[in-house]
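Here the structure comes first, spelled out in structure tokens, and everything after it is commentary.
All of these numbers come straight from a predicted model, not from anything done at the bench. Order of the sequence lines fixes the chain letters, A, B, ..., with proteins taken first and strands second; residue numbering starts at 1 for each chain.
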Protein chains: 2
Amino acid sequence: MTTATEPTQAVCCSPLQGAPLSAEDAQTLARTVKALADPTRLRLVSLVAAHGGEACVCDLTEPVGLSQPTVSHHLKVLVDAGLMTRDKRGVWAYYALVPGALADLARVLSTP
Amino acid sequence: MTTATEPTQAVCCSPLQGAPLSAEDAQTLARTVKALADPTRLRLVSLVAAHGGEACVCDLTEPVGLSQPTVSHHLKVLVDAGLMTRDKRGVWAYYALVPGALADLARVLSTP
DNA sequence: CCGAGGCATCGACGGATGTCAATGTCCGGG
DNA sequence: CCCGGACATTGACATCCGTCGATGCCTCGG
């Protein structure tokens, strides 16, 4: 297996508070959090959400003010983390948020 | 001013979904998320929470299996991000979670 | 007063990461 | 059929980040 592109399943169940996180669970959770630990990627998530839940690269390059390869790279990170999906229709690639992903992460972080 | 230790106020209000994040808001939010984007720091948060909400460095070094300077470094990152507090009592430094910090972050990420 | 121990800081080093220009790939229109 | 445009991939580069050993500071006990 390569180290590259494994569409990680979004976070499912890690108490965080309540019981100490195992090293493996911590690594898994950190990979998801890392995907959001960048201002550009946070803006991309926000832009896609505010764009009707779906946007192509060409819709995002100008708002974030970065080159197209860089935007594609960030979107790939988000897809690999299980936070977004990619749907290529014709010439365009449409990116959309995975419905429950952010909510799941939020729930894991703030376990009641 | 140095670039070092400014106890950042925890995230307060950033829609994320709903309206596009400004570059500044993204930067601010990313700084908080970054503080959690590391397996060791996630474990430290978890360990402190499971240790009665408070723990000294000597309680944490052995569970995470890292050197004392490294653990102190990670705890400093969490304090600077506004996620933890440091209370030095006698020889020991007790670290505790900031009550609403994680919940605030979770709410910002998954704006209903 | 002095030594021991808990913790923070410093300096250094290797690996990860964000960015871009250049290039490759695929689809649709003329 | 071929050209243009949208996007992904590659390679290179600078920077950031996690980690450690060494060292300094500060507090308590003797």
Within the structure shown, what part of the strands sits under 4.0 Å from A:Y95 by heavy-atom distance: base, sugar-phosphate, or nothing? sugar-phosphate
side-chain hydrogen bond (donor to acceptor under 3.5 Å, both in side chains) partners for A:S72, two or more places apart: A:Q68
Can you tell me how far CZ of B:R41 sits from CG of A:L21, rounded to the nearest 0.5 angstrom? 14.0 Å
Go through the structure and list residues passing side-chain hydrogen bond (donor to acceptor under 3.5 Å, both in side chains) with B:R43, not counting sequence neighbours. none
Applying a strict under-4.5 Å side-chain criterion to I, L, V, M, F, W and Y, I'd like to know whether A:L47 and A:V45 cluster together. yes
Rounded to the Å, how far apart are A:K34 NZ and C:dT17 C1'? 10 Å
Scan A:H73 against the nucleic acid and name what it touches under 4.0 Å (heavy atoms): base, sugar-phosphate only, or nothing. base
Would you say B:S67 reaches D:dT19's phosphate, i.e. side-chain N/O to OP1/OP2 under 4.0 Å? no
Given that A:W92 and A:T70 both sit by DNA chain D, which one's nearest nucleotide is further toward the 5' end? A:W92
N/O donor-acceptor pair under 3.5 Å between B:K88 side chain and B:A93 backbone: no
Find the distance A:H74:NE2 to C:dT19:C1' and express it as a whole number of Å. 8 Å
To the nearest 0.5 Å, what is the distance between CG (B:L16) and CG (A:L102)? 6.5 Å
Sequence neighbours left out, what passes side-chain hydrogen bond (donor to acceptor under 3.5 Å, both in side chains) with A:T61? Give chain and number order. none
Measure the distance from CZ on A:R31 to P on C:dA16 and round it to the nearest whole Å. 14 Å
Give a yes or no answer on whether the side chain of A:T40 reaches the backbone of A:V71 with a donor-acceptor pair at less than 3.5 Å. no
Take nucleotides 22-29 of chain C nucleotide by nucleotide from the 5' end and write B, S or -, depending on whether a protein heavy atom sits under 4.0 Å from the base, only from the sugar-phosphate, or from neither. B----SS-
Here the distance between atom P of C:dC7 and atom CG of B:D87, to the nearest Å, is 12 Å
Starting from C1' on D:dT10, measure out to NZ on A:K76 and report it in whole angstrom. 13 Å
Quick one: is A:R86 getting a side-chain N or O under 4.0 Å of the D:dC7 phosphate, OP1 or OP2? no
Could you tell me the separation between the CD atom of B:E62 and the C1' atom of C:dG6, rounded to a whole number of Å? 16 Å
Round to the nearest Å and state the distance from A:L75 atom CG to C:dG18 atom C1'. 14 Å
Comparing A:V77 with B:Y94, nearest DNA chain C nucleotide closer to 5' gives the residue B:Y94
Reading DNA chain C from 5' onward, which residue's closest nucleotide shows up sooner: A:G65 or B:C56? B:C56
Quiz item: cation-pi between A:R89 and A:Y94, 6.0 Å / 45°: yes
Give me the residues of residues 36-45 of chain B where at least one heavy atom lies under 4.0 Å from an atom of DNA chain D, by number, or none. B:D38, B:T40, B:R41
Testing C:dT19, C:dC7, D:dC7 for proximity to the side chain of A:L66, the answer is C:dT19
Apply side-chain hydrogen bond (donor to acceptor under 3.5 Å, both in side chains) to A:H73 and list each qualifying residue two or more places apart in sequence or on a separate chain. none
